[in-house]
Number of protein chains: 2
Amino acid sequence: MTIRLLLAEDQELVRTALCALLDLEDDFEVVAAVGRGDQVAEAAREHRPDVALLDIEMPGLDGLAAAAVLAQRAPRCRVVILTTFGRAGYLRRAMEAGAVGFVVKDAPAEVLADAIRRVSAGERVVDPELAAATLAAGTSPLTARERDVLNASRPGAGVAEIAAKLYLSEGTVRNYFSSAIAKTGTRNRTEALRVADERGWL
Amino acid sequence: MTIRLLLAEDQELVRTALCALLDLEDDFEVVAAVGRGDQVAEAAREHRPDVALLDIEMPGLDGLAAAAVLAQRAPRCRVVILTTFGRAGYLRRAMEAGAVGFVVKDAPAEVLADAIRRVSAGERVVDPELAAATLAAGTSPLTARERDVLNASRPGAGVAEIAAKLYLSEGTVRNYFSSAIAKTGTRNRTEALRVADERGWL
DNA sequence: GACGCACCATGACAATTGTCAGCGGGAGGG
DNA sequence: CCCTCCCGCTGACAATTGTCATGGTGCGTC
């Protein structure tokens, strides 16, 4: 019984290479390979894969959002998130989005193959080390608005731009920064943004 | 006549996958695959590859530095830089490091195969679009010290830490920031860092 | 209904950051 | 030799940023 795979990965070379790798396994068949998150649902509808391998960083729709869409529109298709970096918060969000597997790209090939087989058999597969890190990072203490402000400050924007974009007073924006800085235990926005990002508190 | 390849890429899954992909071509033979930049020279000495495919982001030694080492220690081995993102400045630095080819990871597989063949035949291979962007970005107007200061501010460090790390006065650090901000046409450090980074002015 | 909490805002204050002018030294180039 | 440019420093100033106290709203919960 062969397992039908959908592969979503934006870098074409990597996508092609993963196809080649997965095709080496007798019991795998890559039935669709797409380069954008917003092509995942369409491809799944058309090719009915058993397992979808989704990268997180993708244009159009990120892998997490794509996973959520799949969970709703193609519940028979198991989702495995395949990502570059084991960001602690990614795992939580992946699980919330309905993924049942999570593999980092610097794992050996056998781990991926194994994960695919176990997931298609109904198991959940998560790197235990990463799971521990996720639990350790805890749930986000940031309030919705604090997240908004941090996100809006990404390209290095000043208070004025952020306030305008979010229809807030400048003082309010600075207050949110202040509390975010306190909650991350840092000393300025830049660091607060970095830390919150690393912890997956975005 | 088969082309002997050395592959350096830190993410094991991607490395394995690229191996599988390259092995599909009859005239390629992957003779070595390593996961760290500082293993490149050793592997080249031992396996005498015709072409080395080097990722840029790697632990130990980055691909650019590894290319420089190869150019010196194994001049018969042509270097192709294979990188995730077509950062404008990467190309210049790759060429300075002695690379003769430059391929981005979201190119199609044929482009990579073609690049390898042409490079091994003595040609130089560069994505023309990227070359144009590199020329457009021009050469860095930043002074060595300005670069140092920007680099030191990466994790969101404050003036005090940077001054300490570089044995400079705090005022001096702020002056360098100021001129960097002016030269990048931005309004604060964060933005200046981002822009300088994007332009490859690191 | 009292309570906690997120939300939005002020105003005031201190600390940090960005800008500017100027000083001296050393390296290179005409 | 003079000129330019990078280096490093200082001091002063304005702007931005971080902190704190305070106050009002609405929501959900006990």
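Chain letters run A, B, ... following the sequence lines, proteins first, then strands; residues in each count from 1. Below, all heavy atoms of this structure are taken into account, side chains as well, without hydrogens, waters or symmetry copies.
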Mind calculating the distance between OH (B:Y167) and C1' (D:dC9) to the nearest angstrom?
-> 18 Å
Within the structure, does a side-chain N or O atom of A:R187 lie under 4.0 Å from either OP1 or OP2 of D:dG18?
-> no
B:R145 side chain N/O closer than 4.0 Å to the phosphate oxygens (OP1, OP2) of D:dC6?
-> no
B:T172 side chain N/O closer than 4.0 Å to the phosphate oxygens (OP1, OP2) of D:dT10?
-> no
A:L6 and side-chain contact (heavy atoms from CB on, under 4.5 Å): which partner among A:V40, A:L53, A:V30?
-> A:V40
Please determine, for the side chain of B:N188, which listed nucleotide (D:dG8, D:dT19, C:dG18) has the closest atom?
-> C:dG18
Just checking A:A144: base, sugar-phosphate only, or nothing, at a heavy-atom cut-off of under 4.0 Å?
-> sugar-phosphate
Of A:N175 and A:A157, whose nearest nucleotide on DNA chain D comes first from the 5' end?
-> A:A157
Rounding to a whole Å, what distance do you find between A:L150:CG and D:dG18:P?
-> 11 Å
Just how far, in rounded Å, is P of D:dT16 from CZ of B:F177?
-> 18 Å
Round to the nearest Å and state the distance from B:I181 atom CD1 to D:dA15 atom C1'.
-> 12 Å
C:dA9 P sits how many Å from A:I162 CD1, rounded?
-> 14 Å
Give the nucleotide from the list C:dT17, C:dA12, D:dC9 with an atom nearest to the side chain of A:R174.
-> C:dA12
For the pair made of OH in A:Y176 and C1' in D:dT17, what is the distance, rounded to whole Å?
-> 18 Å
Could you state the atom-to-atom distance from CD of A:E170 to P of D:dT19 in whole Å?
-> 17 Å
Ring-face cation of A:R189 near A:F177 (centre distance under 6.0 Å, axis angle within 45°) = yes
Would you kindly say whether A:E146 and A:S179 are connected by a side-chain donor-acceptor distance under 3.5 Å?
-> yes
Please report, rounded to the nearest Å, how far the C1' atom of D:dG18 is from the CD atom of A:E146.
-> 14 Å
If we only count heavy atoms from C-beta on, is the A:L82 to A:L18 side-chain gap below 4.5 Å?
-> yes
Closest nucleotide among D:dC7, D:dT10, C:dG18 to the B:S169 side chain = D:dT10
Is the shortest side-chain N to carboxylate O distance from B:R194 to B:E198 below 4.0 Å?
-> yes
